[in-house]
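Count residues from 1 along the sequence. Note that the coordinates shown come from a computational prediction; the quantities given were computed from them, not determined experimentally. In each ligand, atom 1 is the first atom listed, and ligand 1 is the first ligand listed.
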Amino acid sequence: MTENVATVFVAEDDAGVFGFIAGGSIMHPVEGYEGELGAIYLLASHHRRGAGAALVLRLAADLRAQGFRNMVVWVLRANPACGFYRRMGGVQVAEQGIEIGGVTLPELAFGWADLAVLCQDGK
Ligand SMILES: CC(C)(COP(=O)(O)OP(=O)(O)OC[C@H]1O[C@@H](n2cnc3c(N)ncnc32)[C@H](O)[C@@H]1OP(=O)(O)O)[C@@H](O)C(=O)NCCC(=O)NCCS
């Protein structure tokens, strides 16, 4: 397993890069988990075309190849991306408050307990 090294993949078409995903060793601990999807972002013009799912599966395969067995992602509870992670098979495994601009907001961790299952099933 590689420690503290982030892996980044980009999504691109003929017009150039329109999104990315980054992940690696867990940065925000959740008991029993080793890997973390740290960030994923696509331009709004490219949502709902399958690129987000493709990036998650690409990162999952890479983390798995590095020896990670599982992965989490932290996301604000109000972020519509929670629906995306659920659709990708993520299960809520933790919750915490995160202070942003003096306000404490709820943040959820979605986990994939077995990256082999995610890589096989897709979503
Ligand atoms: C979250 C994000 C990466 C999803 O990428 P995407 O390319 O739009 O997602 P996909 O098209 O691959 O969708 C995969 C599945 O998830 C579903 N899905 C996508 N976004 C969803 C949402 N907001 N709510 C519920 N389901 C969603 C899709 O319908 C699809 O399911 P289907 O196969 O049954 O149709 C994208 O919306 C994004 O970049 N958002 C802004 C940045 C952000 O919030 N990042 C997360 C920060 S933690």
Who pairs with Gln92 by side chain to side chain donor-acceptor pair (under 3.5 Å), at least two apart in sequence or on another chain? none
If you count the atoms of ligand 1 from 1 in the order shown, which ones are under 4.0 Å from a heavy atom of [X]?
X	answer
Gly50	10 (P), 11 (O), 12 (O)
Arg49	11 (O)
Asn79	44 (O), 47 (C)

Would you compute the distance between atom [atom1] of [X] and atom [atom2] of [Y] and round it to the nearest 0.5 angstrom?
X	Y	atom1	atom2	answer
Trp112	Tyr85	CH2	OH	6.5 Å
Ile98	Leu105	CD1	CG	8.0 Å
Ile26	Leu63	CD1	CG	11.0 Å

Using a plain distance cutoff, I'd like to know if [X] has any nitrogen or oxygen under 3.5 Å from a nitrogen or oxygen of ligand 1.
X	value
Val73	no
Ile40	yes
Val75	no

Tell me the nearest of [options] to [atom], using heavy-atom distances.
atom	options	answer
atom 16 (O) of ligand 1	His47, Arg87, Arg48	Arg87
atom 42 (C) of ligand 1	Phe110, Tyr41, Phe20, Trp74	Tyr41
atom 23 (N) of ligand 1	Ala44, Pro80, Ala81, Cys82	Pro80
atom 26 (N) of ligand 1	Ala11, Ala51, Gly83, Gly38	Gly83

His47: what forms a ring-ring contact (aromatic ring centres under 6.0 Å, His included) with it, not counting sequence neighbours? none
What do the steps show when you test Glu107 against Arg77 for salt bridge (charged side-chain N to carboxylate O under 4.0 Å, His left out), and what is the final call? CA-CA 5 Å; Glu107 191 180 36; Arg77 193 169 69 190; over 6 Å; no
When you measure from the side chain of Asp114 to the backbone of Asn70, do you find a donor-acceptor pair of N or O atoms at a distance under 3.5 Å? no
